[in-house]
Amino acid sequence: IDDVSKIANVIILTSFSVSNIDNKSTIFVQTRNVRELMGEISSILYPNSIKDKIAITGTNGKTSIAHYVSELSSKQFISNAIFGTLGVLFNKNKFAETNLTTPDVITNHRLLNKLNKKECERVIFEASSIGLHQKRLQNIYFDKLAFTNLTNDHMDYHKDFRNYKMSKSILFNENIKKSTIAIINTDDKYSKFFIKVCEKNKIKILDYGKKAKYLKIIKTLTKTNIIETHLELNHRRFRIDFPCYTSYQVYNQICAFLLVFGKKLNKKKIINNLNISDPNGRLEKIYDKNNIRVFIDYAHTPDALKQILSTLGNTEGNLVIVFGCGGDRDIKKRPLMSKEAVKYCDYIFMTSDNPRTESPKNIFSDMTKKLKQKDLQKIEIIENRSKAIHAAIDFIKSGDTLIIAGKGHEKYQIINDKRIYFSDSEIAINKLLDK
């Protein structure tokens, strides 16, 4: 196409038979893969020269790590943008609203083009499995990639775990350059698979974890408001006290440090940057008075729930949770989430998450059908989420910890086909003020 401005329409399709169409103003492109071609065309129409591109994939931790990388970048006076669950943020300010963790391929290239014009130096993508499978990152090549962990999620879309795993691996097969570096959490049982993919593609690896060769986590000790962490880096051992509540926060921060500093990471750089904050709705402590702690968290998978509850369960009083499961989505994980809740919690308030078009009664039935009678005795089902949060706050007493899980930062509930304004934190804080 010599002059794009003269073309009124470009239609991309897999097969066609055309008649009675003014072909002077319409170009037809036939392809076997529409999604891939759309990525190629988008990269031509919306070019960018942003020098540092980062992508993070895994079931849990993507949003937190992206947030940490952004904060560390800002401290270095590097202008940066995040494409993820919280939308597209440029230098911590909302740049574009998106409804997907990984936006569509045209939107991605168009926004990269706009950010480039604003002299953005670093972009951080949360790479979802569905987004990767649908080629939403087509023709975007990353300087650094990170793999966090892999547990059951999105089985309604992928159908089985193998498909889910293979979708995640697309990032390490198709979105790479010769100089790409991979940051891998070796303590996840599927890390060996991703390491093999990296080795096959000659991607340099900087791993972290208790089984790591590069940044080894010797041990972690949970103490009041800190995680004492013993590390080994470049054959030197040292201790860092991370101001965190859970070990997975430590893992996420270490991943972010490696994404930002790479081989230049050392003890001093970690210590100088320990005051990075957590993103909204990620183990966000909204109340800590009268010996009562209340947290809001986005945890909506069995593993995410396990990570939070297994750590916060070490409390003098009861560990109480409010949570639900989404409707029209991933039925298999419902009993698994309940299993984690009853294992660690002293009392449970089951409620609606985003029921969508599914009957809440059916969702609760799936959540409780594999539980024993003794477990059911510590469960109270309250369909209305606001009432469930109120009931949980009335229930807790001095020494107790309450987790309100599943929605985190979200400011809505999807009931039938309507998106209704709803905020876990606002509901909880208003009730706590009256307690």
Side-chain angles (χ1 to χ4, degrees), residues 56-72 75 82 84-86 124 126 146-151 183-188 207-210 212 215-231 238-261 265 267 269-288 293-315 319 321 340 344 401-406 408-409 425:
I56 305 153
T57 199
T59 306
N60 301 309
K62 297 186 293 295
T63 300
S64 293
I65 294 169
H67 175 83
Y68 295 148
V69 170
S70 176
E71 283 220 347
L72 291 168
K75 284 188 172 190
I82 299 176
T85 307
L86 303 181
I124 310 120
E126 296 179 40
F147 166 73
T148 61
N149 50 66
L150 208 62
T151 59
I183 313 300
I184 305 288
N185 172 18
T186 57
D187 291 349
D188 185 82
D207 58 1
Y208 65 100
K210 293 179 179 177
L215 201 167
K216 191 175 186 66
I217 299 174
I218 306 300
K219 64 178 178 179
T220 59
L221 300 171
T222 303
K223 297 185 177 181
T224 305
N225 296 333
I226 69 162
I227 304 292
E228 181 185 309
T229 307
H230 296 257
L231 301 168
F238 52 94
R239 167 185 160 180
I240 302 288
D241 289 341
F242 285 85
C244 301
Y245 300 105
T246 67
S247 59
Y248 76 80
Q249 289 174 295
V250 173
Y251 275 70
N252 289 343
Q253 288 193 24
I254 287 173
C255 181
F257 284 130
L258 286 169
L259 284 169
V260 171
F261 297 109
L265 182 64
K267 178 182 178 181
K269 284 187 170 67
I270 297 174
I271 291 173
N272 289 344
N273 291 281
L274 283 177
N275 59 340
I276 51 177
S277 66
D278 289 298
N280 292 338
R282 267 59 178 186
L283 206 61
E284 181 182 0
K285 185 163 65 172
I286 62 169
Y287 188 84
D288 190 357
R293 297 188 302 169
V294 180
F295 294 87
I296 302 286
D297 195 85
Y298 189 56
H300 59 281
T301 66
D303 185 64
L305 215 55
K306 176 183 178 180
Q307 294 292 336
I308 294 167
L309 299 178
S310 61
T311 303
L312 295 181
N314 298 321
T315 180
L319 180 62
I321 188 171
E340 299 299 340
Y344 295 104
T401 298
L402 171 63
I403 310 292
I404 304 171
H409 66 283
S425 59

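If you're wondering where the values come from, they're calculated on a predicted model, not measured in any experiment.
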(request) Applying side chain to side chain contact (heavy atoms under 4.5 Å, CB included), run through Tyr208 and Asn185 and close with a yes or a no. (result) CA-CA 5 Å; Tyr208 65 100; Asn185 172 18; 3.3 Å; yes
(request) Applying side chain to side chain contact (heavy atoms under 4.5 Å, CB included), run through Ile240 and His230 and close with a yes or a no. (result) CA-CA 6 Å; Ile240 302 288; His230 296 257; over 6 Å; no
(request) Before giving the answer on side chain to side chain contact (heavy atoms under 4.5 Å, CB included), spell out for Tyr344 and Ile321 the whole-Å C-alpha distance, their side-chain angles and the decisive distance to 0.1 Å. (result) CA-CA 10 Å; Tyr344 295 104; Ile321 188 171; over 6 Å; no
(message) Let's go through Arg293 and Leu402 carefully: what are the C-alpha distance in whole Å and the side-chain angles of both, what is the deciding distance for side chain to side chain contact (heavy atoms under 4.5 Å, CB included) to 0.1 Å, and is it a yes or a no?
(response) CA-CA 6 Å; Arg293 297 188 302 169; Leu402 171 63; over 6 Å; no
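Once rounded to the nearest 0.5 Å, the distance linking CD1 of Ile218 with OG1 of Thr229 reads 11.0 Å. Between atom CD1 of residue Ile82 and atom CD1 of residue Ile56 there is a gap of 8.0 Å, rounded to the nearest 0.5 Å. Distance check: Ile403 CD1 to Thr401 OG1 gives 6.5 Å after rounding to the nearest 0.5 Å. Between the OG atom of Ser247 and the CZ atom of Phe242 there is a distance of 11.5 Å, given to the nearest 0.5 Å. Here CG of Leu231 is found 11.5 Å from NZ of Lys216. Values are rounded to the nearest 0.5 Å. Considering CD of Gln253 and OH of Tyr68, their distance stands at 4.5 Å, rounded to 0.5 Å.
In this structure, Thr63 and Glu126 have side chains that are in contact, with non-hydrogen atoms separated by less than 4.5 Å. No side-chain heavy atom of Ile227 sits less than 4.5 Å from a side-chain heavy atom of Leu221. The shortest distance between side-chain heavy atoms of Asp188 and Phe147 falls below 4.5 Å. Side-chain atoms of Glu71 and Ser277, non-hydrogen and from C-beta on, do get closer than 4.5 Å to each other. The shortest distance between side-chain heavy atoms of Asn273 and Lys75 falls below 4.5 Å.
At a cut-off of 3.5 Å, with distance as the only test, no side-chain donor of Gln249 or Ser64 sits close to an acceptor on the other residue. Under the 3.5 Å distance criterion, with hydrogens and angles disregarded, no donor-acceptor pair is assigned to the side chains of Arg282 and His67. In this model, no donor atom of one side chain and acceptor atom of the other lie less than 3.5 Å apart for Asn149 and Tyr248. Side-chain atoms of Ser425 and Glu284 include no donor-acceptor pair closer than 3.5 Å. Checking Asn60 against Gln307 by side-chain atom types alone, no donor-acceptor pair falls below 3.5 Å.
Ring centers of Tyr287 and Phe295: at least 6.0 Å apart, outside the cut-off.
Contact between Lys210 and Asp187 at its shortest, heavy atoms only, is N-OD2, 2.7 Å. Minimum interatomic distance between Leu319 and Leu312 (heavy atoms only, all atoms of both residues): CD1-O, 4.0 Å. Counting all heavy atoms, side chain and backbone alike, Leu274 lies closest to Pro243 at O-CG, 3.4 Å. The two residues Thr311 and Tyr245 have their closest heavy-atom pair at CG2-O, 2.7 Å. When all heavy atoms of His409 and Tyr298 are compared, the closest pair comes out as CE1-CE1, 3.7 Å. Smallest separation of non-hydrogen atoms from Ala299 and Ile308: CB-CD1, 3.5 Å.
Checked for salt-bridge contact, Lys306 and Glu340 miss the test: no charged N lies under 4.0 Å from a carboxylate O.
Using modelled atom types, one side-chain atom of Thr59 and one backbone atom of Thr151 make a donor-acceptor pair closer than 3.5 Å.
Put simply, the residue from Thr148, Ile65, Leu258, Leu215 that forms a side chain to side chain contact (heavy atoms under 4.5 Å, CB included) with Ile183 is Leu258.
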